[in-house]
Amino acid sequence: MAYLAAKAFAPAKIPFPFVHVDTGHNFPETISFRDKFVEEYGVNLVVGLVQDSIDRGTATEETGPNASRNALQSVTLLETIDRENFDACLGGGRRDEEKARAKERFFSHRDSFGQWDPKNQRPELWNLFNGGKGQGENFRVFPLSNWTEMDVWQYAKIEGIELPSLYFAHEREVLERNGSLLAITDFVSANENEEVRKRLSGFARSETLPAQVR
Amino acid sequence: MRNYNLNHLEQLEAEAIFVLRETAAQFENPGLPFFWRKRLYYNGLFGS
């Protein structure tokens, strides 16, 4: 998506900022990949910190050994959209992903509360996209709607798009917990009765897993 | 003669680029969030 945005406006710079909702719990690879891309393409980067939402009291941190800040991301994202006054947010959602995405338009209308209302969605005839909206309302835009996962991988291969190394399997230190393998990172460490071993493994993204595992 | 037919990936690319340009044209202040997914859990591993 970032690559397509660069291609769409070349040789000009991408005319809109990239937004990163920073949980503070990141893989170092992710951040260096982000910074490299931003630098290479001269992108304007806006960062929303989940920590700020926690400090402001609009989000509450989970506790326990499997605590995650993923659920808090959407709070921070909405706050960042508000702060920056975005009237359209681009997303890489595809119709092949799951049923909630399958019904999406290219231009998906959200009311001032960020809610999706079927009656407010616009017909999309041929390639006519209607971005008309009222005060305080905004749009989600999904340029990759008609792609399949296979298209994405094939396109990345043909165009020689650089992918984050996290997408691929490496030798990692892992531990087994509740039947799944977890990688040892700054935020996951072994309890005393858990065994750590080295193994060729990669990170699975949630949409590639069956629903009951998520 | 040059072949102007697009294969399916070129069609998808053209469509995505059209939508990106349309977004820049129609909206005053668009943004592109990096990680959209509500549930992008990087905690499951696939083995080999």
Side-chain angles (χ1 to χ4, degrees), chain A residues 1-2 4-5 7-9 15-21 27 34 46 66 68 70-71 73-74 77 81 84-93 106 127 129 131 139 141-144 146-147 151 154-155 158 166 169 174 180-183 188 199-207 209 213-214, chain B:
Chain A
M1 186 72 162
L4 278 167
K7 200 167 180 178
F9 302 102
F16 41 76
F18 284 18
V19 186
H20 182 208
V21 176
F27 291 102
R34 177 195 82 180
V46 176
N66 291 321
S68 159
N70 288 319
Q73 275 181 310
S74 44
L77 181 60
I81 291 173
E84 300 287 328
N85 261 321
F86 289 129
D87 57 357
C89 282
L90 289 150
F106 277 90
N127 57 358
F129 300 110
F139 272 82
V141 181
F142 302 105
L144 306 186
N146 286 339
W147 296 53
D151 294 331
Q154 287 177 339
Y155 185 74
I158 289 170
L166 277 177
V174 296
S180 47
L181 294 170
L182 300 183
V188 178
R199 190 185 158 156
L200 185 68
S201 55
F203 293 94
R205 292 177 304 140
S206 64
E207 68 267 31
L209 299 170
V213 192
R214 284 182 204 165
Chain B
M1 208 176 83
R2 232 198 112 176
N3 182 5
Y4 286 98
N5 294 329
L6 303 182
N7 68 28
H8 78 288
L9 285 176
E10 290 164 342
Q11 273 180 32
L12 288 169
E13 180 194 50
E15 181 182 69
I17 286 179
F18 178 81
V19 174
L20 281 161
R21 289 177 179 159
E22 196 69 6
T23 307
Q26 286 198 33
F27 296 100
E28 281 161 30
N29 191 17
L32 195 161
F34 263 80
F35 300 120
W36 220 186
R37 316 248 137 87
K38 261 189 244 153
R39 289 186 286 173
L40 188 73
Y41 284 5
Y42 272 104
N43 56 8
L45 286 156
F46 58 85
S48 64

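Here is the naming used below: chain letters follow the sequence lines, and residue numbers restart at 1 for every chain.
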Q: Can B:Leu32 and A:Val19 be said to form a side chain to side chain contact (heavy atoms under 4.5 Å, CB included), step by step?
A: CA-CA 6 Å; B:Leu32 195 161; A:Val19 186; over 6 Å; no
Q: Once rounded to the nearest 0.5 Å, what's the spacing between atom CG of B:Leu12 and atom OH of A:Tyr155?
A: 9.5 Å
Q: Select one option (side chain, backbone, both, neither) describing which atoms of A:Pro15 are under 4.5 Å from chain B's heavy atoms.
A: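 It is the side chain, since no backbone atom gets that close.
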Q: Contact between B:Glu15 and A:Phe106 at the side-chain level, heavy atoms closer than 4.5 Å - yes or no?
A: yes
Q: Please report the interatomic distance CG(A:Leu90) to CG(B:Leu20), rounded to the nearest 0.5 Å.
A: 6.0 Å
Q: Counting only non-hydrogen atoms closer than 4.5 Å, does B:Phe27 touch chain A with its backbone (N, CA, C, O), its side chain (CB onward), both, or neither?
A: both
Q: Evaluate side chain to side chain donor-acceptor pair (under 3.5 Å) for A:Glu84 paired with B:Asn29, printing each intermediate quantity in order.
A: CA-CA 8 Å; A:Glu84 300 287 328; B:Asn29 191 17; 5.9 Å; no
Q: Which residues pass the side chain to side chain donor-acceptor pair (under 3.5 Å) test with A:Asp87, sequence neighbours left out?
A: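 Scan of A:Asp87 (side chain to side chain donor-acceptor pair (under 3.5 Å), adjacent residues dropped) gives none.
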Q: For the pair B:Arg21 (side chain) and A:Phe9 (backbone), establish whether a donor and an acceptor sit closer than 3.5 Å, ignoring hydrogens and angles.
A: no
Q: Listed by residue number, which members of residues 4-11 of chain B have a heavy atom under 4.5 Å from any heavy atom of chain A?
A: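 At a heavy-atom separation under 4.5 Å, chain A is reached by B:His8, B:Leu9.
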Q: Between A:Ile158, A:Asn146, A:Val46, which shows the greatest number of heavy-atom pairs under 4.5 Å with chain B?
A: A:Asn146
Q: When only pairs under 4.5 Å are counted, which of A:Phe86, A:Phe16, A:Phe129 shares the most heavy-atom pairs with chain B?
A: A:Phe86
Q: Report which part of B:Glu28 has an atom under 4.5 Å of a heavy atom belonging to chain A: side chain, backbone, both, or neither.
A: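 For B:Glu28, backbone and side chain are both near chain A.
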